[in-house]
Number of protein chains: 2
Amino acid sequence: MVTRAGLNPDVVLDAALTLFARRGYHGTALSEIAETLQVRTPSLYNHMGSKHDLLLRIVDRTTAGVLDDFHRVLDPDDPPAEQLRRATRVYAHRHATHRREALVVNRDTSSLSEPAIGEMQARRREHEHALRAVIARGVEAGDFHVESPALASFAIRELCVSIARWFSDDGALTAEEVADQYSGFALRIVGAS
Amino acid sequence: MVTRAGLNPDVVLDAALTLFARRGYHGTALSEIAETLQVRTPSLYNHMGSKHDLLLRIVDRTTAGVLDDFHRVLDPDDPPAEQLRRATRVYAHRHATHRREALVVNRDTSSLSEPAIGEMQARRREHEHALRAVIARGVEAGDFHVESPALASFAIRELCVSIARWFSDDGALTAEEVADQYSGFALRIVGAS
DNA sequence: CCTACCGATCGGTAGG
DNA sequence: CCTACCGATCGGTAGG
């Protein structure tokens with residue numbers, strides 16, 4: 001029995017997500033989203049505010065999720081190496097399981113308008129600083145060995161982000177396996193023993 | 001004495017490069033390029049084929065340069081660790097010194113049309129396989145320790161690519177310093193002793 | 001190098 | 001959910 005689902009905001013957002021990830025925000029026309037959903041373009045406006053609002057919802061949800069993940073897995077009582085492992089594993093895992101979101105955030109956040117663009121960048125900066133602090137504590141404790149925690153933090157974050165560029169559900173490795181391997185890479189980058 | 005330079009193909013390409021890197025290919029109008037150069041849009045056509053051709057020239061030149069770099073610095077007589085260091089250092093260095101090109105290639109190659117898009121992807125694959133082969137030889141020699149050379153190759157390449165996202169000529173580190181640090185990260189990722 | 005102009009398409013609205 | 005339509009802008013051409 002085929003479910004004859006009607007249009008709703010979630011379905012429109014999901015179609016937008018797929019197309020924005022594939023062609024980019026400016027490379028996607030609302031008419032393409034409508035075609036995917038087999039309706040005419042004006043019908044979309046019953047389920048969304050505007051094209052810009054679709055992008056904002058995607059970026060907002062994703063950047064908030066990254067911070068939620070981080071604070072959920074971080075235990076201040078853990079040693080720095082375990083903190084870094086857990087923080088990078090959940091970040092890497094997200095980029096394997098939420099590929100489309102990651103591609104859109106990285107490619108098209110700059111297409112938002114103020115004040116949204118500033119707010120979203122602030123969230124990414126918050127995550128970057130939080131990860132950097134973990135690395136700095138590891139260096140102070142003598143567990144990590146890097147010249148610049150900032151450089152290592154940039155490197156590790158972008159390393160995880162890049163998973164979205166090649167990961168496939170049909171590939172040899174599961175999201176969990178990739179996340180484990182990449183958190184291992186992160187520990188190697190900081191020179192953890 | 002101000003040089004009153006006339007328009008030429010290189011100047012148009014450079015202006016396109018700056019704007020494509022900032023706003024993306026689909027997010028940039030030819031009228032914006034013209035405005036930058038203080039001419040009307042139709043005048044651009046005396047110095048270029050089409051908007052698509054501008055993108056193709058950027059991607060073509062850059063992907064060819066990456067392969068040239070690789071083969072220029074790779075010495076088959078070097079031990080794997082030195083091969084990996086040199087290959088990643090030149091790749092990282094390029095992403096610090098050619099930021100705009102890197103951003104455009106990574107963001108907008110998919111906006112090319114066939115057969116160009118396939119040809120450009122083939123070049124990136126060639127670089128990926130060449131770097132993977134270096135890693136595989138290091139693993140066979142017992143110098144590197146990774147479960148999957150393919151995964152390590154992806155990781156290291158994307159690590160270098162990400163430099164284009166944050167590097168600044170005004171920052172604390174020079175392109176050479178960043179390249180040295182990042183090639184060190186690469187050696188750590190593969191577990192070189 | 002310009003003005004004048006082309007058809008196509010864009011995001012979005014009116015009104016039912 | 002639709003048809004009909006809006007002004008704006010797109011890449012590109014004609015012709016000088």
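By convention in this document, chain letters (A, B, ...) are assigned in the order of the sequence lines, proteins followed by strands, and residues within each chain are numbered from 1. Only heavy atoms go into these numbers, but all of them, side chains included; no hydrogens, no water, no symmetry mates. Small disclaimer: the values here were computed from a predicted structure and weren't measured.
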Original post:
Among A:His127, A:Arg86, A:Arg94, which one satisfies side chain to side chain donor-acceptor pair (under 3.5 Å) with A:Asp69?
Top reply: A:Arg94

Original post:
Should stems be defined as at least three consecutive Watson-Crick or G-U pairs with both distances under 3.5 angstrom, which of them involve DNA chain C?
Top reply: C:1-16 with D:1-16

**OP:** Could you tell me the separation between the CZ atom of A:Arg137 and the CG atom of A:Asp143, rounded to the nearest 0.5 Å?
**Re:** 12.0 Å

Original post:
Cut-off 3.5 Å, side chains only: do A:Ser113 and A:His52 have a donor facing an acceptor?
Top reply: yes

**OP:** Would you mind reading off the distance between B:Arg40 atom CZ and C:dT3 atom C1', rounded to a whole angstrom?
**Re:** 9 Å

Original post:
Strictly under 6.0 Å, is that where the ring centroids of B:Tyr182 and B:His95 end up?
Top reply: no

Quick one: side chains of residues 161-171 of chain B, donor-acceptor pairs under 3.5 Å with protein atoms, not counting sequence neighbours, listed by atom name and distance.
| from | atom 1 | to | atom 2 | distance (Å) |
| --- | --- | --- | --- | --- |
| B:Ser162 | OG | B:Leu159 | O | 2.6 |
| B:Ser168 | OG | B:Asp170 | N | 3.0 |

**OP:** Summarise protein proximity over nucleotides 4-16 of chain D in one line of letters, 5' to 3': B for base, S for sugar-phosphate only, - for none, counting protein heavy atoms closer than 4.0 Å.
**Re:** B-----SSBB---

**OP:** Give a yes-or-no answer on whether the side chains of B:Arg132 and B:Ser153 include a donor-acceptor pair shorter than 3.5 Å.
**Re:** no

**OP:** Could you tell me whether the side chains of B:Ser183 and B:Arg89 share a donor-acceptor contact shorter than 3.5 Å?
**Re:** no

**OP:** Could you tell me whether A:Glu82 and A:Arg85 have a side-chain N and a carboxylate O separated by less than 4.0 Å?
**Re:** yes

